[in-house]
> 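Just passing along the structure, written as structure tokens.
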Amino acid sequence: MTVRFGYQLGIDLNALNHLGINLYSNIPAVVSEVVANSWDADATRVEIRIDARRKEVTITDDGSGMDHDECNAKYLTVGYEKRKSFVRTPKFKRHVMGRKGIGKLSLFSVADVIEVHSVRAGEKCGFVLRAAAIRTAIKERLPQYKPDNVDGRVRIKTGTRIRISALKKTIGKLDVALRRRLARRFGVIDPDKNFTVIVNGRAIGPTDRDFFQKIEYAWGIGPGSSEFLDKCTKATKTKTLDGIINKKAGQRISGWVGTFGEQKNIEEGNNSIVVMAWGKLIH
């Protein structure tokens, strides 16, 4: 006898309509949320495949994965606050990027179908979320939405795979834009940090950020900042600050600040001050 495990989306459907379907407007921002989840899952490798013909994007990582209970309790429970469970990841002690548990809903802002496969300790789970079915449930005022069970389609051996399809926008040149946006949104994409992200077979590197050569003035703050200053080879002036806020209390900051001579060198949408924390763009 085959036992089918039940999945259930744990959120008020009207809230989903507001939080997820209209959360973001571009695919790179949405994929960034998935990459952040891979980081939190202690993945060392994230592979992104873009199929323009089929209008789908697949993101696969080698992280800790999820079993059935975790799929329901964590992925399908919107508002699950990861940082209440742990601030550092279990394996690599990374600082957790996820906070409010709503980033996963952003997938619906760019795609109508989301398929999730995940494996943890040999237990395979898979489900499909469909925007059309969710809208019907909202229209009919149903109390809940149950994704389709596709446990039998799971072929990965570890980690998590997310496929978003029926995309709402064309993705002919998405690979170029995605590489640049991911490189700029994450400071942790680096083999030295044991986190590699690959787009259509090519790993993202520091040069994909495409801004170090455009920085005019640069300040290094605290330990480790010299590696960033060294990349600003065309800066007309650089300076290093110790980053000490309160020496007695042991309070200090680290990082770097770079400014551009021309507005056009700042990525569209980031036309003011870009703030990153724990390796991820936050504002």
Side-chain angles (χ1 to χ4, degrees), residues 1-24 30-31 33-38 40-43 46 56-82 84-86 90 96 98-168:
M1 181 178 68
T2 301
V3 178
R4 292 179 61 83
F5 188 89
Y7 296 101
Q8 180 175 313
L9 186 63
I11 184 176
D12 178 86
L13 294 181
N14 278 313
L16 174 61
N17 194 35
H18 292 290
L19 290 174
I21 296 175
N22 301 307
L23 192 60
Y24 288 122
V30 168
V31 174
E33 296 292 343
V34 180
V35 172
N37 283 338
S38 296
D40 291 348
D42 275 326
V46 181
E56 65 180 35
V57 177
T58 304
I59 307 107
T60 306
D61 69 43
D62 62 354
S64 57
M66 299 175 287
D67 57 26
H68 289 99
D69 290 335
E70 288 171 316
C71 282
N72 270 322
K74 296 180 180 180
Y75 194 94
L76 290 172
T77 298
V78 179
Y80 164 72
E81 295 189 59
K82 200 177 295 182
K84 281 190 174 181
S85 300
F86 54 92
V96 172
R99 296 184 62 190
K100 299 178 181 178
I102 64 173
K104 69 200 74 169
L105 298 180
S106 65
L107 298 171
F108 280 121
S109 62
V110 299
D112 284 328
V113 180
I114 302 166
E115 183 165 351
V116 178
H117 295 181
S118 198
V119 179
R120 184 177 177 86
E123 183 175 326
K124 298 182 178 182
C125 64
F127 53 89
V128 178
L129 300 157
R130 304 181 190 278
I134 292 174
R135 291 190 181 97
T136 298
I138 293 172
K139 184 178 181 179
E140 295 178 358
R141 298 185 178 182
L142 299 178
Q144 60 190 18
Y145 166 71
K146 294 185 177 182
D148 298 335
N149 184 310
V150 293
D151 288 356
R153 296 216 299 249
V154 178
R155 296 292 180 268
I156 57 174
K157 296 181 179 180
T158 186
T160 299
R161 173 174 291 167
I162 297 177
R163 178 177 289 111
I164 57 174
S165 57
L167 296 173
K168 301 175 183 179

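Atoms considered below: every heavy atom in the structure, side chains included; atoms not considered: hydrogens, waters and symmetry mates.
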> How far apart are the C-alpha atoms of Val30 and Val57, what are their side-chain angles, what is the distance that settles it, and do they pass the side chain to side chain contact (heavy atoms under 4.5 Å, CB included) test?
CA-CA 11 Å; Val30 168; Val57 177; over 6 Å; no
> Just verifying a value: how many Å separate Ile162 CD1 and Ser38 OG, rounded to the nearest 0.5 Å?
7.0 Å
> Can you list everything that forms a side chain to side chain contact (heavy atoms under 4.5 Å, CB included) with Val154? Sequence neighbours excluded, please.
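Per chain and number, Val154 pairs via side chain to side chain contact (heavy atoms under 4.5 Å, CB included) with His117, Val119, Lys124, Ile156.
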> Please round to the nearest 0.5 Å and tell me the distance separating atom CD1 of Ile59 and atom CZ of Arg163.
10.0 Å
> Taking side chain as C-beta onward, heavy atoms only, is Val34 less than 4.5 Å from Thr160?
no
> Working to the nearest 0.5 Å, report the span between CD of Gln8 and CG of Leu76.
9.0 Å
> Under the side chain to side chain contact (heavy atoms under 4.5 Å, CB included) rule, collect the residues that match up with Asp112, sequence neighbours excluded.
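Checked Asp112 against side chain to side chain contact (heavy atoms under 4.5 Å, CB included); matches are Ala131, Arg135, Ala166, Lys168.
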> If you compare all heavy atoms of Ala111 against all heavy atoms of Leu167, which two are closest, and at what distance to 0.1 Å?
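Heavy-atom minimum between the residues: CB-CD2, 3.6 Å.
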> If you measure from OG1 on Thr136 to CG on Leu142, what distance do you get to the nearest 0.5 Å?
8.5 Å
> Determine, step by step, whether Asp151 and His68 satisfy the side chain to side chain contact (heavy atoms under 4.5 Å, CB included) criterion, reporting the C-alpha distance in whole Å, the side-chain angles of both residues, the deciding distance to 0.1 Å, and the verdict.
CA-CA 10 Å; Asp151 288 356; His68 289 99; 2.8 Å; yes
> Is a side-chain N or O of Tyr7 found less than 3.5 angstrom from the main chain of Gly126, in a donor-acceptor match?
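Flag set: sc Tyr7 to bb Gly126 pair under 3.5 Å.
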> When you measure from the side chain of Asp61 to the backbone N and O of Gly159, does any donor-acceptor pair fall under 3.5 Å?
no
> Could you measure the distance from the OH atom of Tyr75 to the CG atom of Leu129? Nearest 0.5 Å is fine.
7.0 Å
> Output every pair passing salt bridge (charged side-chain N to carboxylate O under 4.0 Å, His left out) with a member in residues 113-123, not counting sequence neighbours, ordered by first then second residue.
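Counting only pairs at least two positions apart or across chains, the salt bridge (charged side-chain N to carboxylate O under 4.0 Å, His left out) contacts touching residues 113-123 are Glu70-Arg120, Glu115-Arg153.
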> How many angstroms lie between CG in Asp67 and NZ in Lys74, if you round to the nearest 0.5 Å?
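Nearest 0.5 Å value for the CG-NZ distance: 8.0 Å.
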